[in-house]
Amino acid sequence: MEKIVLIDGHSILNRAYYGVPDLTNSDGLHTNAVYGFLNIMFKILDEEKPDYFAVAFDLKAPTFRHKMYEQYKGTRKPMQEELRQQVPVIKEMLEAMQVPLMMLEGYEADDLLGTVAKKAEADGLEAVVVSGDRDLLQLATDHIMIRIPKTKKGGTEIEDYHTADVIEKYQVTPIQIIELKALMGDSSDNIPGIPGVGEKTATKLVAEYGCIENAYAHVDEIKPNKARESLRDHYDMAQMSKELATINIHSPFELDMEKARMTDLYTKEAFELCKKLEFKNMLSRFEVSQEEHNHTAESFHMTSDLTQAQEWLEKLKKEQQIGFYLLSDEKQEFCGLAVSGKEETFFFCNQGFLTEQYLTSALEELIETAEQAVTLQLKRQLRFLQLSESAKKKILDGAISAYLLNPLKGEYPYEDLAKDYMKELIPGAAELLGKIKISDLNAEDERLSLLACYQSHTALHSMSVMLERLQGEEMERLFEEMEMPLVYTLAGMEKEGIRADAGILKEYAQKLGEKMQELEQEIYAEAGDTFNINSPKQLGNILFEKLQLPGSKKTKSGYSTAADILENLAPDYPIVQKVLDYRQVAKLKSTYADGLAAFIGEDGRIHGTFHQTVTATGRISSTDPNLQNIPIRTEMGRLFRKVFLPKEGCIFVDADYSQIELRVLAALSGDEALIHAFQNNIDIHTLTASQVFHTPLDQVTPLQRRNAKAVNFGIVYGISAFGLSQDLKISRKEASEYINNYFASYPKIKEFLDQAVVTAKEQGYIATYYHRRRPVPELTSSNFMQRSFGERIAMNSPIQGTAADIIKLAMIRVDQRLHSENLKARLVLQVHDELLVEAPVEEEARVREILHEEMMGVTDFPVEMDIDIQSGSDWYEAH
DNA sequence: ATAATCACG
DNA sequence: ACGTACGTGATTATG
């Protein structure tokens, strides 16, 4: 049997608009709705494989049905501008794909869909109607299926309805959907309905009386008094609603079935439009045009031959600026080298005479010869290279420059750089490789070449644009003098790693395991049931339902069992304390005891990864494992620091900035009181306590100091009375009193924080002392919560970011000193305000001096940076 | 894949 | 009235 698919254009476009996060192409054109529409359309067509296909749209002029409603209600909601501008785009796309658009003056899309679907059914076809609008359910029969897509996170789910499905879900026949809608109304479809009649009552009425007219015939019998009276009072409304809800299946519209016959959607015009809209993962659907899609690849060449390679390398030596990319596989094994000149890119396979040794040396030479060399993700490649200091200075990393230009993206794959800075659409790694692993490919596989060449090509050709932008935004020095040198420091730290004792870890794991079992049994005994304590859902049910504990709070999926809630209950309920203990022990065992052990390499050291392009503020992050969140706040956790040891003959020297963020705040704001306090070594939390609580300095109680410390934290986080009240478990009123007192004592800080918000609103971004930018799009949100979030970001980012800049500069300087003074001591960890150095015992004194000089010497603020230095034979002792 | 929780600064 | 403190990453459970 032949089949026709009909799409409700506006309805699906609307669904897509709200279901797909905002997308724009380089021209600033919003494309999310079009993108979502096409995804839904392709999915449906792939599933249905119809013989005919058309899309219905309303015409702009108000239709009869809407006019009627507008008289009643006065206005209609205007369509959002971002959505409105996408309507002509999707129409253009469909026309390019030769899909007929069904439109008729005076009729809604619903009417055309109904008319065509019924006609198709009568002609012996299967019809599939796709809409987000449940009104359409009235069309369902055994041969007309209504499909309602729901854009969920992670994909599109579609609800399908034939007659039986409608009855099952709504307890009424499809045609009675009209009655149902007329009674209960539908705000999204502008049907008023009967006041006071909701889904329940409407369903009951329809089930009982079949239709509205019959319900009115028996209106005296209707049970709920309210509904009966409302029905009586609103007879005219019921009639109008029914008319509004009824789809006209006899509209004078005829679909030209020949034009609707499915042909190839993937026309040249559609391809061009997709390209313009930058729907690059849709381009793969256009098989015919794939070659054109890859036109840049025409300038790529590969070889495994030594003579050929030598010839190409000679050619490359004449280039002033080169791009390069050392390709490695998942196991970090060398796979080949790509080098780009102005016109062409060459790939050298890891094959025959072209060994890793040969190729890396060749690249080192090329970098020496060139004036500038550009790559992406340099740090990964440094394991293969030995560069002179002069060579290091010539290299730029495009992923890092892209991060500086927009630190909110999180990832900077080459295809994004090509799109954003070169207006080139090229296939990404996922598209090139699919699920294939690089290590499974032959050394001469063309896909390896393409991958490396695209990286190299993009690095080279995007950099000029990015440099210009960086210049314009005054971040050139940040890039070249801070971020690029830091790459080498971080690479050194990763290569060095940090020694960790597997034996001690195993011992802790054992002990923690025993403790866990103990607690587990005790918890089960007190709960009178066994359950999975690690499951917040099960735990919440046990605590707040079975045991009826008070103070439950909501989350999206049940009760909150977060620590701050449980801590309130712990003093009164032993089981809660045990759950908290269990959680702590379980965390320590899984993340640290077992977790860290898995990362100890054959050399007895952990080689984690530091990320330079991840955080929004400019901080470094750490993974595999995260070495920046090793426990310290509880003694049981702190013991893990005894696992981290210096190698034979070495000692740890640990230096951390004291109060770096508050010192930065003092410097940036110029607040005299705060500057004076730091200059005179006054305990900052005690001072704040004395100001906030109007108490003489020498009479501040420990509790007051603790609370003042929370206020200081709050200031750095972008203060809010609510946040502070929550943290200190005090009323919002008290919290805002604290804050007011604080600002009265430090007026320039208030000025500074207010100015940060104003500046961020004006410019769209906020910057650190060293010009690092963070965009704050949240500030334009119409949502109060979002906007407040943006304000806190604007207050916090320059502080956190400037502190991050300072320690980055310190790292570079310390690292350079260690090298230039030919010391064996090496930087091994950075934890945001702390540097850990592994030093031969005889170098300890020198290293302490260097740390002191370089960490303090970064800034010349009116407030000096201060550091604490300690040494020890493990990290526990040294910090 | 996402949410909840918790480790750090 | 709204409903959160800023920045991260790993683990576990669960859809």
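Because only heavy atoms are used, hydrogens play no part in the values below, and waters and symmetry mates are left out as well, while side chains stay in. Sequence lines set the chain letters: A, B, ... in the order given, protein chains first and strands last, and positions in each chain run from 1.
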What is the distance, to the nearest angstrom, from the [atom1] atom on [X] to the [atom2] atom on [N]?
| X | N | atom1 | atom2 | result |
| --- | --- | --- | --- | --- |
| A/M636 | B/dC6 | CE | C1' | 14 Å |
| A/F640 | C/dA10 | CZ | P | 16 Å |
| A/Y717 | C/dT8 | OH | C1' | 11 Å |
| A/I630 | C/dT11 | CD1 | P | 11 Å |
| A/Y592 | C/dA10 | OH | C1' | 8 Å |
| A/H832 | C/dC6 | NE2 | C1' | 12 Å |
| A/H611 | C/dG9 | NE2 | C1' | 9 Å |
| A/R787 | C/dG3 | CZ | P | 13 Å |

Practice prompt. Go through the structure and list residues passing ring pair (Phe, Tyr, Trp, His ring centres under 6.0 Å) with A/Y742, not counting sequence neighbours.
Written response: A/Y746
Separation of the [atom1] atoms in [N] and [M], to the nearest angstrom:
| N | M | atom1 | answer |
| --- | --- | --- | --- |
| B/dA4 | C/dA5 | P | 13 Å |
| C/dA1 | B/dC6 | C1' | 32 Å |
| C/dC2 | B/dT5 | P | 23 Å |

Worksheet item: Hey, which of these two, A/L596 or A/R619, hits DNA chain C nearer its 5' end, going by closest nucleotide?
Response: A/R619
Choosing from [options], which nucleotide comes nearest the side chain of [X]?
| X | options | result |
| --- | --- | --- |
| A/V614 | C/dG9, B/dC8, C/dA5 | C/dG9 |
| A/P631 | B/dG9, C/dC2, B/dA7 | B/dA7 |
| A/T615 | C/dG9, C/dG3, C/dT8 | C/dT8 |
| A/Q584 | C/dG7, C/dG3, B/dA7 | B/dA7 |
| A/F789 | C/dG7, B/dT5, C/dA10 | C/dG7 |
| A/I793 | C/dT8, B/dA4, C/dC6 | C/dC6 |
| A/N796 | C/dG9, C/dA13, C/dG7 | C/dG7 |

Item to complete: For the pair A/R772 (side chain) and A/D805 (backbone), establish whether a donor and an acceptor sit closer than 3.5 Å, ignoring hydrogens and angles.
Response: no
Fill in: Pair A/F693 and A/Y738, ring centroids less than 6.0 Å apart
yes
Discussion item. Is the distance between the ring centroids of A/F861 and A/Y769 under 6.0 Å?
Written reply: yes
It should be established whether [X] places a side-chain nitrogen or oxygen under 4.0 Å from OP1 or OP2 of nucleotide [N].
| X | N | value |
| --- | --- | --- |
| A/T623 | C/dG9 | no |
| A/R583 | B/dC6 | yes |
| A/K537 | B/dA3 | no |
| A/Q726 | C/dG3 | no |
| A/N534 | C/dT11 | no |
| A/R774 | C/dG7 | yes |
| A/S535 | C/dT14 | yes |
| A/T561 | B/dT5 | yes |

Taking atom types as they are modelled, would you say the side chain of [X] forms a donor-acceptor pair with the base of [N] within the 3.5 Å cutoff?
| X | N | value |
| --- | --- | --- |
| A/R792 | C/dG7 | no |
| A/S720 | C/dT4 | yes |
| A/R732 | C/dG3 | yes |

Worksheet, complete the sentence: Partner of B/dC8 under the Watson-Crick or G-U wobble criteria, both distances under 3.5 Å, comes out as C/dG7
Under 4.0 Å, heavy atoms only, any strand: does [X] hit a base, just the sugar-phosphate, or nothing?
| X | answer |
| --- | --- |
| A/S622 | sugar-phosphate |
| A/N629 | base |
| A/G718 | nothing |
| A/D833 | sugar-phosphate |
| A/V831 | sugar-phosphate |
| A/N532 | sugar-phosphate |
| A/A721 | nothing |
| A/A616 | sugar-phosphate |

Worksheet item: For A/F722 and C/dT4, is the gap between ring centres under 5.5 Å while the planes differ by less than 30°?
Response: yes
Worksheet item: Any side-chain donor paired with an acceptor under 3.5 Å for A/Q830 and A/Q628?
Response: yes
Discussion item. Between A/T859 and A/R663, is there a side-chain donor-acceptor contact under 3.5 Å, judged purely by atom types and distance?
Written reply: no
Item to complete: Might you work through the salt bridge (Lys or Arg N to Asp or Glu O under 4.0 Å) test for A/K511 and A/E518, ending with a clear yes or no?
Response: CA-CA 11 Å; A/K511 279 190 191 154; A/E518 234 172 75; over 6 Å; no
Worksheet entry | Test: A/R792 cationic atom under 6.0 Å from A/Y717 six-membered ring centre, within 45° of axis | no
